[in-house]
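Please read the structure below before turning to the comments.
Numbers restart at 1 for each chain; the letters A, B, ... are given by sequence-line order, proteins then strands. Worth saying up front: this structure is predicted, and the values here are computed from it rather than measured.
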Amino acid sequence: MKEELDKRYDPKAFEQRIYAMWEEKGYFAPDDDRDRPKFSIVIPPPNVTGRLHIGHALVNTLQDIIVRWKRMSGFNTLWLPGTDHAGIATQMIVDRELTKQGISRFDLGREKFVEKVWEYKEKFGSEIIEQLKRLGASADWSRLRFTLDEGLSRAVRYVFVKLYEDGLIYRGIAMVNWCPNCQTAISDVEVEYRERDAKLYHIDYPIEGTDRKLTVATTRPETMLGDTGVAVHPDDDRYKSLIGKFVMLPIANRRIPIVGDAILVDPEFGTGVVKVTPAHDKNDYEAGKRDNLPQLQVIDETGHMTNEAGPEFAGLDRFDARKKVLEKLEAGGFLNSAKPYHHSVGVHGKCDTDIEPMISRQWFVKIEPLAQPSIDIVKNGTIQIIPESWQATYFNWMENIHDWTISRQLWWGHRIPAFYCANDHVTVAMETPAKCPQCGSAEIRQETDVLDTWFSSALWPFSTMGWPDETPDFQMFYPTDVLITGFDILFFWVARMIMMGLRFTGKAPFSQVFLNGLVRDEPGDKMSKTKGNVIDPLDVIDEVGADALRFTLAIFASGRDIPLGKSRIQGYSAFVNKIWNAARFAMMHIDTDLKDAAQIDRDKLRVIERWILSRLNDATKNVNKSLSAFRFDEASNTIYQFFWHEFCDWYIEMAKPVLLGRHGDASDQKQAKRILLEVLDRSLRLLHPFMPFVTEEIWQKLGGHEPSIMIAPYPIAEEILEDSEAERLIAAIKSMITTVRNVRAERGFTPKDRFKLYIRGNDTREANFFRTYAYLLIDLARLTEVIVDGEAPAGSHQDVIEGFHVAIEFPERVVTKEQIERTQREIEKTRTEIASNESRLANESFVQNAPPAIVAGARARLAELRERLEKLQQNQ
RNA sequence: AGGCCCUUAGCUCAGCUGGUUAGAGCGCCACCUUGACACGGUGGAGGUCAGCGGUUCGAGUCCGCUAGGGCCUACCA
């Protein structure tokens, strides 16, 4: 049952229709067959309110390629999709929406606000899912999960309680990274460092009772208002006599002690004197505890100065306070100097606000006991990180890991399952206790903090499968096989999934991690809205279709960053178009459908047919091999080269004389049609994971065996199809054709001019081959005649091609400048190569040490080159 | 400061365990509307493989060093 393909390739005409068909038929879901090997993978859940960007397009294309490949290869395949509630990000978005309406979330209160976020989620949460579908993602949507689903939330509470009971979660007061804009604590990995040009200020602190002063240096003069000491190195001869004395803190006019601190102070650095602000600097916080210096909080949660900063400063923004402090220091003669200084500043990655180190009470995960097994599991190869170079980064981070701050002062997220009674006793439990187990108080209130989004993400590979229950899905599909994600969330997500997976399931949550690079623009810059170099995948899909986008992403995905430009996508959309047209050509000439194509009599194959099947087989082998190694670039490039430059450029052209009835008999023609169909069929299946839509559309119209190409078997290499003889002979034919075309152009002939070609075979079998396929040379090289083993007339163009002597006889002797120059260059090249081979072979240690095959190869090459040189010289 | 990576044709990149003549895409030049495709076809130009040194019969490929670029980690005022 064969239909026509439209003359024009128009992805809009079928992509959505095909996707709907797949979905309706239920092809994305695995079945219950436990005897088939399974393959499972979980999606890196995009933010529920997010919009598909090019990074999503990449990571999901790569996953879909692997998933479709495995599914077609016979695995019972699950790709489990879902979305993340994305704590801060989502709260910020909804907050901004409310602000537009003139509402503050504080007006609404926590409960109402969270309701609003849910409304927002219901409204926009499916948008990104729809966008993933447009990309062609074959995830099992019937299993769609959300991190705040009841099931996943239960897993979160379960893990929290268990870790608390095991002593791995604790509540305590510590200095944390605080975002004054979001007004929450964040973890170390959420802090990004930005290089910045600033000033380093030297400030003089007068020493009490003398006219001497100590000079301290700082980039943040406003924090001096919170100084509660000045530290010097206890062994520093310049200052050690001052330890125990006091300085007068300028502006604040407070008396603060001079202390000795060998850890905080490097006597070689700067002035060797350090101001100590225990409430607003991590090092000073530690020093304060060591040296018994009080903590004086001068900056509050919103980044404004507190009353402790003094009446002139209270209420001022921290950056305004900085200016004012500097003015006052200058006026008082305390500002010694201000020098340009380049340093890096920690900012909150989500909102770009400068981090304020802040002492507060938070919840933490004691991480070392979780980290050690996670190091081992990668070291012993149970989990393989690809590309391997990321392993070093992984180990480095794991080995220097700090406790994880998991509480967030937000409203949107998993509320920490800790409960306080009227007497402030803490109960950590899955469900709200009726009364305090310690004092019986029935006045119970839940912790207001929520958990870091990544806490729930860390459980994703198993919480999505119903864990902690032993569900059928969990039993069948956990652990997963591969995790494909961006390297930017190696610490945020991958590392934590490994830690939690090992701790709670006793198994590595996946056995391979493929980390893809970042999509950049062509000059290699990050894509950003401000730079205006963003490529919107949805625009691309509208313009050239999902297949072209997917293929372009795949062909650049080697694991490194991907330089992507519109022109590149355009380039590969030409390939999709080529496939379309090749299929169109095939369908014009094929009168059998795929069901008959299986009966090919291998013994009757002609050499060109053996050749294309051998080439296809080679491509098949390489594609499978490359996909196993996540070399998407190699895999897609292999198909590209094969399909375009072997199948289309050569095979179809070579098959035309027979297909169109110009050569051979009816049975040759029939066989040619079958082979054409066979090669097209296999190529489409090979291509399907990369270009699901166009391959399905063509396949359907060809009338394939299966109801859909996506469940047809993926081609695997068969040794029987390897054919080195056919490869060698067809390579010779191709090379001869190219040479004739080339010489024709150089001698100034037009494509219409036809010549005679003389070929000498090395034996009867080869001579017969060239006689049989003379029509190909005549057709493709535009010849009048091919004479095998005849004597070439003097003056004809002589050459040695793939070991065969050939001569081209021209109707007249034409010698052009181009041709003379070209011949001269060829002769030079040949001579150089002869010399190089001669010297190698003259070298005894080469002949002795090199593998015999290499030596033999050099000898054969040398002989051929000498022959060729001789022939070429006759062309001058 | 430590770690990882990169430097190959005008641009963006491949080159697997070292082995003949270093490849691709895009771009460029010339010619061609040949019954699938001008999102096409044919032919062509273009590279001291960053530099230096070493190992080897042989190095783009392995090992050092140098220069330039990128990324990650890090509490130096």
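Taking 4.0 Å as the cut-off between side-chain N and carboxylate O, A/D649 and A/K734 do not count as a salt-bridged pair. Taking a cutoff of 4.0 Å between a charged side-chain nitrogen and a carboxylate oxygen, A/E833 and A/R861 qualify as a salt bridge. Residues A/R866 and A/E838 are paired through a salt bridge, judged by an N-O separation under 4.0 Å between the basic side chain and the carboxylate.
Residue-level contact check: A/L518 touches neither bases nor backbone, having no heavy atom under 4.0 Å from any strand. Among the protein residues, A/R8 comes within range of the nucleic acid bases, having at least one heavy atom under 4.0 Å from a base atom. At a threshold of 4.0 angstrom between heavy atoms, the contacts of A/T750 with the nucleic acid are absent. When heavy atoms are screened at a 4.0 angstrom cut-off, A/A858 is found touching no nucleic acid atom at all. In this structure, A/S836 reaches the sugar-phosphate backbone alone: every heavy-atom distance under 4.0 Å involves primed, P, OP1 or OP2 atoms, never a base. Among the atoms of the strands shown, only primed sugar atoms or phosphate atoms (P, OP1, OP2) are found under 4.0 Å from some heavy atom of A/N843. Heavy atoms of A/R662 sit under 4.0 angstrom from at least one base atom. Across all strands shown, A/N396 has heavy atoms under 4.0 Å from sugar-phosphate atoms exclusively, and none from any base. Looking at heavy-atom distances under 4.0 Å, A/Y341 makes contact with sugar-phosphate atoms alone, never a base. Note on A/R584: only backbone sugar-phosphate atoms sit closer than 4.0 angstrom, heavy atoms only; bases stay farther off. Backbone-only engagement by A/H645 is indicated by non-hydrogen atom pairs under 4.0 Å involving sugar-phosphate atoms exclusively. Residue A/Y640 is classed as a sugar-phosphate contact, given heavy-atom separations below 4.0 Å to backbone atoms only.
Of the candidate nucleotides B/G40, B/C57, B/A36, B/C57 has the atom lying nearest to any side-chain atom of A/F846. Of the candidates B/C5, B/C37, B/C39, the closest approach to any side-chain atom of A/E653 belongs to B/C37. Comparing B/C75, B/C5, B/G25 by their nearest atom to the side chain of A/R560 picks out B/C5. The nucleotide whose nearest atom lies closest to any side-chain atom of A/S845 is, among B/C57, B/C72, B/U73, B/C57. When distances run from any side-chain atom of A/R741 to the nucleotides B/A36, B/G43, B/C13, the shortest one goes to B/G43. Of all nucleotides listed (B/C72, B/U20, B/C71), B/U20 comes nearest to the side chain of A/R861. When distances are taken from the side chain of A/T393 to each of B/U20, B/A36, B/C72, the shortest belongs to B/C72.
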Candidate pair A/T750 and A/D753, rule side-chain hydrogen bond (donor to acceptor under 3.5 Å, both in side chains), full reasoning: CA-CA 6 Å; A/T750 72; A/D753 296 315; 3.3 Å; yes
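As rounded to the nearest Å, B/G3 and B/U48 have C1' atoms that lie 33 Å from one another. B/A22 sits 16 Å from B/G44 when the P atoms are compared, rounded to a whole Å. Using C1' as the reference atom, B/C65 and B/U55 are 15 Å apart when rounded to the nearest Å. When the C1' atom is compared between B/A9 and B/A45, the two are found 11 Å apart, to the nearest whole Å. With both ends at atom P, the span from B/A14 to B/A50 equals 13 Å, rounded to whole Å.
If you measure from atom CD1 of A/I698 to atom C1' of B/C37, you get 12 Å, rounded to the nearest angstrom. Atom-to-atom, OH of A/Y572 to P of B/C37 comes out at 24 Å; the value is rounded to the nearest Å. A/H342 has its NE2 atom 14 Å from the P atom of B/C76, to the nearest Å.
Of the side-chain N and O atoms in A/K7, one or more sit less than 4.0 angstrom from OP1 or OP2 of B/C37.
The cationic atom of A/K656 (NZ for Lys, CZ for Arg) lies less than 6.0 Å from the six-membered ring centre of A/F585 and within 45° of the ring axis. For the pair A/K275 and A/Y205, the cation-pi test (distance below 6.0 Å, angle within 45°) is failed.
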